[in-house]
Amino acid sequence: MSKYGKEDILRLAQEEDVEFIRLQFTDIFGMLKNVAITISQLEKALDNRCVFDGSAIDGFVRDDESDMFLYPDLDTFEIFPWRPQQGKVARLICDVCRPNGNPFEGDPRYVLKKALSHARNMGYEFYAGPECEFFLFHLNDEGLPTTVTHEKAGYFDVGPLDFAENVRRDIVLNLEDMGFEIEASYHEISPAQHEIDFHYNTGLATADNIMTFKMAVKSIAKRHGLHATFMPKPKEGENGSGMHMNLSLFDQDGRNAFDDPKDPRGLGLSKTAYHFMAGIFNHLDGMTLLTNPLVNSYKRLIPGYDAPVYKAWTARAGKSCVMRIPNARGNNTRVELRSPDSAMNPYLSLAVILEAGLDGIRNKMEVSQPVSGNLYALTNEQRDARGIKQIPYTLGEAIDAFEKDVFVRRVLGEPIYLKYLEAKKEEWNQFRAQVTDWEISQYLFKY
């Protein structure tokens, strides 16, 4: 049931002295875009008559089909609490449509909505809860971001060790003003690294919330004279930032479909949960280019930095495994996928994760046995003997796996798949052509 109607939006904008409205959408690489309008144009926008040049957005459309329309999702209307309180700024997240009103197949939000529809056709509602990590660094004299920080705080430290305690508090309060339910906020393990977790929600709301969260964190950090980055591994020798994703399905009666106290394995999981996990593992390599989309993503996914690198799952707190099962049961039963990072496009990543899980349910795929212990400590031979493989460990490997997985291609659709693959190949080729400082220091005098 919708929260707002058109008249509600017009009334709220008038009552709250809103002067500007940002009509937001996301490109295929997870970059937030917007068309800004004044209050005088709001009714036109609410009538789905706002046009923009789609050919100007990388990966969207060709020059000969450039006119695209923004259809606002009225339930996403929010006022930015960190902007001026006179002449306020609000936003509406939009779907991208063609001139005839049909959804644009290159819109990432549409891809996720299709996947959610497939889940509902099977009797499920998909929920996801992210754990969002980021770094806060200083700006230089020109106002440009650096990787400099003067703090030395670590896991769960408090002020005065945690220099950014007040920044995090400001972020949390602003997010709560926008309707977020914040569950936890704390300093992470690396200096200048932080985590804020918000309550799980339906798949579409979670993807929208991730985009809003990243925008809010960056905006509020800048107000404090800092740069917030969701780059997966900004500093050598330190743990990187991930975005662990907690996943669950609920049936039409509102019961958690992953929960089963009579589980023969004794873990409290249903057959649906095991099939869902198996589906994700079956397509894990192919989806890694989406969940870990940058050259830099794979600098995080290396042993020794608490990052998951092995295609295995555990019912315990195993940092080396891609997947684990948190202790909570009942309606809080969930699967935690630990490999994604915050550079991902949440719409595309959640769509492929969900579709992979549904594929596992449809085909009654069987998941391997859980593992225990520290997989980092095993030799390659010991892991091979147990059938434990590593996820793609470079962008190039992820590209190869992406090209081989026809299922992922079908979920994304041809326009997004081809544009995304082309861009990632170009990124990998540009990186391969670079001569790094490490190579100069290692080879220049030796050879």
Side-chain angles (χ1 to χ4, degrees), residues 131 133 154-155 188-190 193 195 232-233 235-247 263-269 273-292 294-328 334-341 344 353 356-357 360 365-402 404-405 438:
E131 301 172 16
E133 298 175 345
Y155 224 175
E188 256 290 347
I189 192 167
S190 297
Q193 188 183 33
E195 179 171 326
K233 183 86 167 186
K235 299 203 76 168
E236 179 184 341
E238 301 285 357
N239 283 27
S241 291
M243 184 180 280
H244 302 168
M245 196 65 68
N246 294 275
L247 313 166
D263 177 12
R265 296 197 192 193
L267 297 178
L269 299 178
Y274 289 123
H275 296 326
F276 188 87
M277 293 162 58
I280 291 176
F281 275 113
N282 192 46
H283 298 290
L284 187 63
D285 286 356
M287 72 172 69
T288 298
L289 188 64
L290 296 166
T291 58
N292 307 88
L294 309 180
V295 166
N296 183 256
S297 296
Y298 300 86
K299 306 294 179 73
R300 165 183 167 252
L301 297 176
I302 57 176
Y305 292 95
D306 293 344
V309 296
Y310 299 113
K311 289 190 286 186
W313 68 280
T314 179
R316 304 177 183 180
K319 294 182 177 180
S320 56
C321 295
V322 161
M323 191 181 291
R324 79 176 189 98
I325 310 299
N327 289 325
R334 60 195 187 273
V335 170
E336 182 185 326
L337 185 63
R338 304 183 67 255
S339 54
D341 63 52
M344 71 177 185
I353 290 168
M365 295 180 187
E366 295 297 330
V367 72
S368 61
Q369 291 296 318
V371 301
S372 59
N374 181 9
L375 300 186
Y376 297 141
L378 302 180
T379 64
N380 290 335
E381 291 75 16
Q382 289 171 324
R383 284 190 291 270
D384 287 344
R386 296 173 63 177
I388 298 171
K389 304 298 182 183
Q390 188 168 338
I391 64 175
Y393 56 89
T394 67
L395 187 70
E397 282 208 347
I399 288 170
D400 290 342
F402 184 79
K404 292 174 183 174
D405 196 322
W438 184 89

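Along the sequence shown, residues carry numbers from 1.
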Supply the atom-to-atom distance [X] [atom1] to [Y] [atom2], rounded to the nearest 0.5 angstrom.
{"X": "Y376", "Y": "R383", "atom1": "OH", "atom2": "CZ", "result": "10.0 Å"}
{"X": "M287", "Y": "N282", "atom1": "CE", "atom2": "CG", "result": "9.0 Å"}
{"X": "L294", "Y": "L289", "atom1": "CG", "atom2": "CG", "result": "9.5 Å"}
{"X": "L247", "Y": "I353", "atom1": "CG", "atom2": "CD1", "result": "6.0 Å"}
{"X": "S241", "Y": "K235", "atom1": "OG", "atom2": "NZ", "result": "12.5 Å"}

pair [X]-[Y]: side-chain heavy atoms closer than 4.5 Å:
{"X": "V367", "Y": "F276", "result": "no"}
{"X": "E238", "Y": "Q193", "result": "no"}
{"X": "Y305", "Y": "K233", "result": "yes"}
{"X": "P303", "Y": "K319", "result": "no"}
{"X": "M323", "Y": "I280", "result": "yes"}
{"X": "P370", "Y": "W313", "result": "yes"}
{"X": "Y155", "Y": "E188", "result": "yes"}
{"X": "L337", "Y": "V322", "result": "yes"}

Do you know which of D341, N292, T394, T291 makes side-chain hydrogen bond (donor to acceptor under 3.5 Å, both in side chains) with S297?
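Result: among D341, N292, T394, T291, D341 is the only option passing the side-chain hydrogen bond (donor to acceptor under 3.5 Å, both in side chains) with S297.
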
Just grab all the salt bridge (charged side-chain N to carboxylate O under 4.0 Å, His left out) pairs involving residues 281-291, residues at least two apart or on different chains.
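Every salt bridge (charged side-chain N to carboxylate O under 4.0 Å, His left out) pair that includes a residue of residues 281-291, provided the two are not neighbours, is D285-K311.
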
With sequence neighbours excluded, residues passing side chain to side chain contact (heavy atoms under 4.5 Å, CB included) with Q382
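Q382 satisfies side chain to side chain contact (heavy atoms under 4.5 Å, CB included) with L378, T379 only.
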
Run the numbers on R334 and I325 for side chain to side chain contact (heavy atoms under 4.5 Å, CB included), then give the verdict.
CA-CA 7 Å; R334 60 195 187 273; I325 310 299; over 6 Å; no

Would R265 pass as a cation-pi partner of Y274, given that its NZ or CZ must be under 6.0 Å from the six-membered ring centre and within 45 degrees of the axis?
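Yes, R265 lies over the aromatic ring of Y274.
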
Heavy-atom donor-acceptor pair, Q390 side chain to V309 backbone, under 3.5 Å:
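Looks like no, no N/O pair under 3.5 Å.
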
Determine, stepwise, if the pair T314 / L375 fulfils side chain to side chain contact (heavy atoms under 4.5 Å, CB included).
CA-CA 11 Å; T314 179; L375 300 186; over 6 Å; no

Does the side chain to side chain contact (heavy atoms under 4.5 Å, CB included) test come out yes or no for I391 and L301, once each step is laid out?
CA-CA 9 Å; I391 64 175; L301 297 176; 3.8 Å; yes

Heavy-atom count check: over 12 atoms from other residues, nucleotides or ligands less than 6.0 Å from N327 CG?
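No, not enclosed.
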
Please step through side chain to side chain contact (heavy atoms under 4.5 Å, CB included) for the pair S339 and T288, ending with a clear verdict.
CA-CA 8 Å; S339 54; T288 298; 5.9 Å; no

